[in-house]
2 protein chains.
Amino acid sequence: MASPQPPYRASARSADDDVLRHVSARERIAARGGRVTRTRLAVLEMLQHGSHPLSHDEIGDALASAGVAHDRVTLYRALDWLVEQGLARRIAGGERAWRFEGVRDAAHRHAHFHCDRCGQVVCLEGLEPAPATALPNGFQVERAELVLHGQCATCGRGDEEVRPR
Amino acid sequence: MASPQPPYRASARSADDDVLRHVSARERIAARGGRVTRTRLAVLEMLQHGSHPLSHDEIGDALASAGVAHDRVTLYRALDWLVEQGLARRIAGGERAWRFEGVRDAAHRHAHFHCDRCGQVVCLEGLEPAPATALPNGFQVERAELVLHGQCATCGRGDEEVRPR
DNA sequence: GTCTTCTTGCAACATTGTAGCATTAGGCCT
DNA sequence: AGGCCTAATGCTACAATGTTGCAAGAAGAC
Ligand SMILES: [Mn+2]
Ligand SMILES: [Mn+2]
Ligand SMILES: [Zn+2]
Ligand SMILES: [Zn+2]
């Protein structure tokens, strides 16, 4: 239920920045013919702003502690919609729950790193998963998902000290 | 609950083959200090013999239709044990359930192809996921998982005809 | 402001996997 | 062959992650 990451905050941004972000998310949603609701707005902003992919649960917690609680189902549906519209991407993190990230450039795909100690997922923007290979006859590749597993920098520092989740 | 694949059969193998396989699985299990039970034996044989990774559910169905029904939990535990012992590997198929495959050569890793139409997963023995890359400082990679997504040969043949699952 | 239709929230359900615990059975020893 | 110890099994209950159906609410066009 709880997330180890700090909750979603506007952090060190000016009010102007916030307004601009807000407008941008609002416009991207409206441009796809969807209604601009507080859920879609909040989720899309969080994904656009966030630096690493978030799980449904983390998003729910963050929204709740920002004072905008939501039903679980609504969140699932908002996320589904964002993914359908190409505004977000769904990532199989190596654990049982999907993670979501905002899509800035639809053409750019990248690999991810999953820390097996703390469960954190980070984007490897520089690493593009190479899809083209000699496949069995008749197979057609549409995309490639590459996930590196290991230990993140934070977990490495404490050496033996294993942080939960 | 049901699997689209044909259930596990001895197919076109001689009784001698079966005995040999049986002995081999039995020995591999005993060699790790585990007790040789009908569950571990049956599961390991199925994984060794199988050509593509199977889900827990598919394994359960196959065992049941071979007349050796098992409790779900027992199957999970047998699979966990085989993975711990390095006799099987767990694969994140892109759907919500793990898939399992027998380990022949512990050193050899390969990528997989997930058909987004029928859900089938096939091994790409020839494709080794390249792990070494420039990671952020302090990150340590232990393994890489590469999954190609697209359409398998069977689903491609029927063109528009989409088979469920 | 009204109306239409998309979106939400709730309750119920589905799937996939785990934990606790009493019972069974593998396999070693005699 | 029989007994014993402990690992493995099977049940039940539970946890985590999603999904479905439907009545009520709200976005935004008019
Ligand atoms: Mn990413
Ligand atoms: Mn494989
Ligand atoms: Zn970590
Ligand atoms: Zn297919």
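Residue numbers begin at 1 in each chain, while the letters A, B, ... track the order of the sequences.
- Rounding to whole angstrom units, CG of residue A:Leu41 and P of C:dT8 are separated by 11 Å.
- Here C:dG17 is the nucleotide among C:dC10, C:dG17, D:dC11 with the atom lying nearest to any side-chain atom of B:Arg72.
- In this structure, B:Arg40 reaches the D:dA8 phosphate: one of its side-chain N or O atoms is under 4.0 Å from OP1 or OP2.
- In the model, A:Arg28 has no side-chain atom that pairs as donor or acceptor with a side-chain atom of A:Gln85 under 3.5 Å.
- Using modelled atom types, one finds a donor on one side chain and an acceptor on the other under 3.5 Å when comparing A:His52 with A:Gln120.
- At whole-Å resolution of the value, CZ in A:Phe100 and P in D:dT17 are 12 Å apart.
- Using five terminal pairs a side, the axes of the helix from C:dG1-D:dC30 to C:dT30-D:dA1 at its two ends make an angle of 30°, given in steps of 10 degrees.
- Rounded to a whole Å, the CD atom of B:Glu27 is 13 Å from the P atom of C:dG27.
- When B:Asp80, B:Leu82, B:Leu79 are each tested for a side chain to side chain contact (heavy atoms under 4.5 Å, CB included) with B:Arg90, only one passes: B:Asp80.
- Considering only side-chain N and O atoms, A:Thr39 lies under 4.0 angstrom from the phosphate OP1 or OP2 of C:dT8.
- Between the P atom of D:dG18 and the CD atom of A:Glu95 lies a distance of 11 Å, rounded to the nearest Å.
- Between the CG atom of B:Asp71 and the C1' atom of C:dC21 there is a distance of 14 Å, rounded to whole Å.
- Atom NE2 of B:His56 is separated from atom C1' of C:dT18 by 12 Å (rounded to the nearest Å).
- Transitive grouping of hydrophobic side chains (ILVMFWY, heavy atoms separated by less than 4.5 Å) keeps B:Leu47 and B:Val103 in distinct clusters.
- Counting only distance, with no hydrogens or angles, the side chain of B:Thr74 and the backbone of B:His70 share no donor-acceptor pair below 3.5 Å.
- The salt bridge (charged side-chain N to carboxylate O under 4.0 Å, His left out) contacts involving residues 104-116 of chain A comprise A:Asp116-B:Arg143, where partners must be two or more places apart or lie in separate chains.
- Here C:dG27 presents its C1' atom at 11 Å from CZ of B:Arg26, a figure rounded to the nearest Å.
- In terms of phosphate contacts, A:Arg38 brings a side-chain nitrogen or oxygen within less than 4.0 Å of OP1 or OP2 of C:dG9.
- Position along DNA chain C of the nearest nucleotide to B:Gly34 versus B:Val73 favours B:Val73 as the more 5'-ward residue.
- In this structure, A:His114 has its ring center at least 6.0 angstrom away from the ring center of A:His112.
- Contacts of residues 74-84 of chain B with DNA chain C (heavy atom under 4.0 Å): B:Tyr76, B:Arg77.
- Side-chain atoms of B:Glu27 never come within 3.5 Å of backbone atoms of B:Ser24 as a donor-acceptor pair (strictly under, hydrogens ignored).
- Among C:dT16, D:dT19, C:dT8, the nucleotide with an atom closest to any side-chain atom of A:Thr37 is C:dT8.
- Ring centroids of A:Tyr76 and A:His56 are separated by less than 6.0 Å, placing the two rings close together.
- Between A:Asp57 atom CG and D:dT17 atom P there is a gap of 6 Å when expressed in whole angstrom units.
- Applying the 3.5 Å distance criterion, the base of D:dA8 shares no donor-acceptor pair with the side chain of B:Arg35.
- Between D:dT17, C:dG17, C:dG27, one nucleotide has an atom nearer to the side chain of B:Arg96 than all others, and that is D:dT17.
- Here the side chain of B:Arg99 pairs no donor or acceptor atom with the backbone of B:Leu54 at under 3.5 angstrom.
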